[in-house]
Amino acid sequence: MIGIITAEPMHRAGWERLWRQNIISFGAPDMTDDVIDALWHRILDPDHAMQAWLAVDLIGEKDGPLVVGLAHIIVHPHTFSLRNVAYLEDFWVSADQRGLGIGGQMMAALQTQAHQQDWARLYWLTAGDNHHAQRLYDRLTDRVDAVLYKIDTV
């Protein structure tokens, strides 16, 4: 049975295992341990804008719940209203768990959280060639016609 929960200290090893899969897949395999540690501390800090939501197998392993998916969101003010919005920065399901509906469960849980917290919007970007993820997203909502620009400063 899969549950969607916020990250807690006991989830560090499972979260990090998935995070390392994600950064390798998205071209950042050289992320240092101190950056990963700092990210984890941000996630656990209730005063920080970043949150981590995890999909866990509640039956799990004898050592605790098995983390099978992660979602990092950043909650921030919105310029068109006084309500916050949430940016889904990272979304990852373990390769051996894909196709089982976990991504859909995670997105449904994030939508529930958005309603409970009165966020005006949950939004995200995905790579143009990430067709597998786009199939999920296209079932959830309509695409926005936008063009992303970025200036790397490091």
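No hydrogens, no waters, no symmetry mates; every other heavy atom, side chains included, goes into these values.
- In summary, of the residues considered (I73, L39, V75), a side chain to side chain contact (heavy atoms under 4.5 Å, CB included) with M50 occurs for L39 alone.
- Looking only at side-chain heavy atoms (C-beta outward), R83 and H78 stay at 4.5 Å or farther from each other.
- By the rule that hydrophobic residues join a cluster once side-chain heavy atoms approach within less than 4.5 Å of another member, I74 and F26 end up as members of one cluster.
- The shortest distance between side-chain heavy atoms of E8 and L54 does not fall below 4.5 Å.
- To the nearest 0.5 Å, the span separating CE on M107 from CG on L88 amounts to 5.5 Å.
- At least one side-chain heavy atom of M106 sits less than 4.5 Å from a side-chain heavy atom of V93.
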* Asked: Is there a side-chain contact (heavy atoms from CB on, under 4.5 Å) between V68 and I2 once you walk through the steps?
  -> CA-CA 9 Å; V68 297; I2 300 297; 3.9 Å; yes

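- For the pair T126 and A133, the tightest heavy-atom approach, listed with the atom from each and the gap, is OG1-CB, 4.2 Å.
- Put simply, the side chain of Q134 gets close to the backbone of A127: a donor and an acceptor are under 3.5 Å apart.
- The aromatic ring centroids of H72 and W19 lie less than 6.0 Å from each other.
- No continuous path of ILVMFWY side-chain contacts below 4.5 Å connects L122 to V144, so the two sit in separate hydrophobic clusters.
- Atom CG of D142 is surrounded by 12 or fewer heavy atoms from other residues, nucleotides or ligands within 6.0 Å.
- Considering all non-hydrogen atoms of both residues, A52 and I43 come closest at CB-CG2, 3.3 Å.
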* To do: In sequence, state the C-alpha distance, the side-chain angles, and the governing distance for L18 and Q97, and then conclude on side-chain contact (heavy atoms from CB on, under 4.5 Å).
  => CA-CA 12 Å; L18 288 186; Q97 300 290 315; over 6 Å; no

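- Linking ILVMFWY side-chain heavy atoms closer than 4.5 Å, directly or via other members, places W53 and Y87 in two distinct hydrophobic clusters.
- The line from CZ of F91 to CG of L70 is 9.0 Å long, rounded to the nearest 0.5 Å.
- Annotation: side chain of N130 is not in contact with side chain of R135 (no heavy-atom distance under 4.5 Å).
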* Given side-chain contact (heavy atoms from CB on, under 4.5 Å), test E16 with W40 step by step and report yes or no. => CA-CA 9 Å; E16 185 172 332; W40 181 248; over 6 Å; no

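- Cluster membership for I23 and L125, using ILVMFWY side-chain heavy atoms within less than 4.5 angstrom, is not shared.
- Two residues are said to be in side-chain contact when any heavy atoms from C-beta on lie closer than 4.5 Å; W15 and I36 meet this criterion.
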* To do: Carefully, step by step, assess D33 and R20 under the rule salt bridge (charged side-chain N to carboxylate O under 4.0 Å, His left out).
  => CA-CA 10 Å; D33 289 343; R20 288 186 184 276; 2.6 Å; yes

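- Put simply, the side chain of Y137 does not reach to within 4.5 Å of the side chain of R143, judged on heavy atoms.
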* Full working for side-chain contact (heavy atoms from CB on, under 4.5 Å) between F80 and R121 -> CA-CA 11 Å; F80 282 52; R121 172 184 306 135; over 6 Å; no

* Go through the steps for H115 and T112 under the test side chain to side chain donor-acceptor pair (under 3.5 Å), then give the verdict. => CA-CA 5 Å; H115 289 295; T112 298; over 6 Å; no

* Which is it for D47 and R42 under the salt bridge (charged side-chain N to carboxylate O under 4.0 Å, His left out) test, yes or no, and what are the steps along the way? -> CA-CA 9 Å; D47 294 325; R42 285 179 181 173; over 6 Å; no

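- Neither L140 nor V85 shares a network with the other; the hydrophobic side chains, linked directly or stepwise wherever heavy atoms of I, L, V, M, F, W or Y lie under 4.5 Å apart, form separate groups for each.
- Residues H11 and I5 form a side-chain contact, since some pair of their non-hydrogen atoms from C-beta on lies under 4.5 Å apart.
- Side-chain atoms of H76 and W119, non-hydrogen and from C-beta on, never get closer than 4.5 Å to each other.
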